[in-house]
Amino acid sequence: MVAQKSVVTPQSEDFPRWYQDVLNKAELAENGPVRGTMVIRPYGYALWERMQAEVDQRIKAAGADNAYFPLFIPESYLHKESDHVEGFSPELAVVTMGGGRELAEPVVVRPTSETIINAYLSKWIQSHRDLPMLINQWANVVRWEMRPRIFLRTTEFLWQEGHTAHASQQSARTYAAKILHEVYRDFMEQVLAIPVLVGYKTAAERFPGAINSMCLEAMMRDTKALQMGTSHELGQSFATMFDITYLDAEGNQEHVWQTSWGVSSRMVGGLIMAHGDDRGMVVPPRLAPTQAVVVAVRSDANVVEACHSLATELHAKGVRVKVDDATDTGFGRRATNWELKGVPMRVEIGPRDLEQQQATVVSRIGTEKQAVGLGDVPAVLVRELDRAQQAILATATAWRDSKIVDVNNLSTAREAAQVGFARIPWQVLGTEGEAALAKDAISVRCLQRADGSLPQAMEEPDLMAICARSY
RNA sequence: CGGGCUGUAGCGCAGUUUGGUCAGCGCACCUGCUUUGGGAGCAGGGGGUCGCCGGUUCAAAUCCGGCCAGCCCGACCA
């Protein structure tokens, strides 16, 4: 076997450059003409569509229904919640002209939709029988970012945002945690194969307008943290400002308790940086738009026919499969391109294979090739796909865990956070320590219990702070 | 928005110090032939107002001024 030339900048040499190389060579996305915008190419969008499908299914299972609210929001709506407007004002895109004339009231392009959705929830909610009201929308939002990075932080990005109203604080809190665990964590670990730490955001990191922000934090291959998703308890502030009230069973007028929660196209960046290696992307099989590619090694009618017939068989078994019979491109180049895209399994068929009535099966996460009888390929592939899914999660988890260091003072925390996650008792760190670490670009990613579980309240004793550099 | 670096073909770059056969290289692309089991070879070919505007000069990718954009490091954030 010929030594493989490096096709992207090695991670160890220059991680940001590696990321750019993968975006380009795997044909995922590129910059749009307006600063901070991105063009998502078909393969990148296929990854997002798979994410949408899996997340949407879980959201519906959690009882929320999809709806759609407008892109434009009256500027006055934003001003109804003071923390909210303060948090988002610096990054708003505001439209002042329309139809060639100055608008009487400027409209903002939504940076998030709490305000407009709550304006309507207040019309729709009258009785305790209307609660809980569970709404989700898939949309694009715009935040004028100072330092954009494709997928991780773009001026316009794609996401889902859930907005719910409940009769009690407990119901809202329970639901926000349910979304965190049953929708987000389950999706990220079981589908994306990315292990996440869950916890509360500190007051400094909280969503503008929330009384409690819960989050999921993943570690990228450069040991920086990426916030993969959030679920917020909004308390009653939006309910008060937008007058969302209901009559309870005793006939009392009450304000609802609310939540909001979201995951975005940022997850595509997280996927790239959580699993990728020096050969490109590694896409876990349950997510992969293409789980297996059947490659015709040489231009030969029998070979090409065997590839298509095997693909048909695999498709019938529920494998998302493609045939690569573009034999006017050399085999090596095609193999490399599929690896760059992170397609989990490759099945190679050439004349030599055909003579033996076999195919050569290669996993993206391994290097060895195995010869498999043609008839056994579907069963082997199904087994290997499952194995790869488990292996990718296990590898990512073991690696991340090896980069989490327990520390007990500020200076060791600072040191540990340069090369991983520093875990330090919150009562040792405190808000002063948090501010001190911020000077070195280290933030408290989340507060969690010592066993890694989600706290019930900020005031719980013995919470641990996870500190890291982040995207 | 601060600090640093960089804008030359789709991508990556050389050339700028010392103005003048510098419009160049590698990859990619097109055609033909030979190839195809890990980024193929040979031959031929297409593509760039050198980021933009202005200035200096007989002459500007090169010098001067301004602007714009991108990347990296920070502050802000999904």
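The chains referred to below are lettered A, B, ... by the order of the sequence lines, with proteins before strands, and numbering in each begins at 1. This structure is a prediction, so every number in the text was calculated from the model and none was measured. Just the heavy atoms: all of them, side chains too, but no hydrogens, waters or symmetry mates, feed the values below.
Inspection of the A/Glu161 and A/Ser113 side chains reveals an N or O donor paired with an N or O acceptor under 3.5 Å.
Across B/rU16 and B/rU31, the matching P atoms stand 37 Å from one another, rounded to whole Å. On the P atoms, B/rC64 is 16 Å away from B/rU57, given to the nearest whole Å. When the C1' atom is used for both B/rG37 and B/rC33, the distance is 23 Å, rounded to whole Å. Annotation: B/rC71 and B/rG12 have their C1' atoms spaced 14 Å apart (nearest Å). For the P atoms, the distance from B/rG41 to B/rG54 is 45 Å, rounded to whole Å. B/rG55 and B/rG3 are spaced 30 Å apart, taking the C1' atom of each and rounding to whole Å. As rounded to the nearest Å, B/rU49 and B/rA9 have P atoms that lie 9 Å from one another. Taking atom P in both B/rG48 and B/rC11, the straight-line distance is 14 Å, to the nearest Å.
Pairing of B/rG51, defined by two Watson-Crick or G-U wobble distances under 3.5 Å, is identified with B/rC67. Summarising the base pairing, B/rG12 is matched to B/rC25 through a Watson-Crick or G-U wobble pair whose two defining distances lie under 3.5 Å. With a cut-off of 3.5 Å on both Watson-Crick or G-U wobble distances, the partner of B/rU57 is given as none. In this structure, B/rU18 makes no Watson-Crick or G-U wobble pair, since no nucleotide meets both defining distances under 3.5 angstrom. In this structure, B/rG2 forms a base pair with B/rC73, meeting either the Watson-Crick or the G-U wobble geometry with both donor-acceptor distances under 3.5 Å. Under the Watson-Crick or G-U wobble criterion, with both distances below 3.5 Å, B/rU35 is left unpaired in every strand shown. Searching all strands for a Watson-Crick or G-U wobble partner of B/rG44 with both distances below 3.5 Å returns B/rC30.
Evaluation of the side chain to side chain donor-acceptor pair (under 3.5 Å) rule for A/Thr395 yields no partner, not counting sequence neighbours. Residues passing the side chain to side chain donor-acceptor pair (under 3.5 Å) test with A/Asp56, sequence neighbours excluded: A/Lys60, A/Asn66, A/Trp138.
A straight line from CG of A/Asn302 to C1' of B/rG37 spans 17 Å, rounded to a whole angstrom. One interatomic measurement links the two molecules: CG of A/Asp328 to C1' of B/rU31, which rounds to 14 Å at whole-angstrom precision. Following rounding to the nearest Å, A/Arg333 (CZ) and B/rA40 (P) show an atom-to-atom distance of 6 Å.
Salt-bridge check for A/Glu27 with A/Lys341: passed, with a basic side-chain N closer than 4.0 Å to an acidic carboxylate O. Taking a cutoff of 4.0 Å between a charged side-chain nitrogen and a carboxylate oxygen, A/Arg352 and A/Glu355 do not qualify as a salt bridge.
Judged by atom type and distance alone, A/Arg298 does not reach the base of B/rG37 through any side-chain donor-acceptor pair under 3.5 Å. Contact of A/Arg346 with B/rG38 (side chain to base): a donor-acceptor pair of N or O atoms is detected under 3.5 Å.
Nucleic acid contact class of A/Asn24 (heavy atoms, under 4.0 Å, all strands): none. Residue contacts shown for A/Thr112 are absent, as no nucleic acid heavy atom lies under 4.0 Å away.
A cation-pi geometry, defined here as NZ or CZ lying under 6.0 Å from the six-membered ring centre and within 45° of its normal, does not hold between A/Lys201 and A/Phe207.
With A/Glu339 as reference, A/Arg346 is the one residue of A/Lys25, A/Arg364, A/Arg346, A/Arg334 to meet the salt bridge (charged side-chain N to carboxylate O under 4.0 Å, His left out) rule.
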### Query
Along nucleotides 70-78 of chain B, 5' to 3', which nucleotides get a B, which get an S, and which get a -, given that the test is a protein heavy-atom distance under 4.0 Å?
SSSBBBBBB
### Message
Using side-chain hydrogen bond (donor to acceptor under 3.5 Å, both in side chains), reason through A/Arg110 and A/Thr112 one step at a time and then give a plain yes or no.
### Response
CA-CA 5 Å; A/Arg110 62 183 167 214; A/Thr112 179; over 6 Å; no
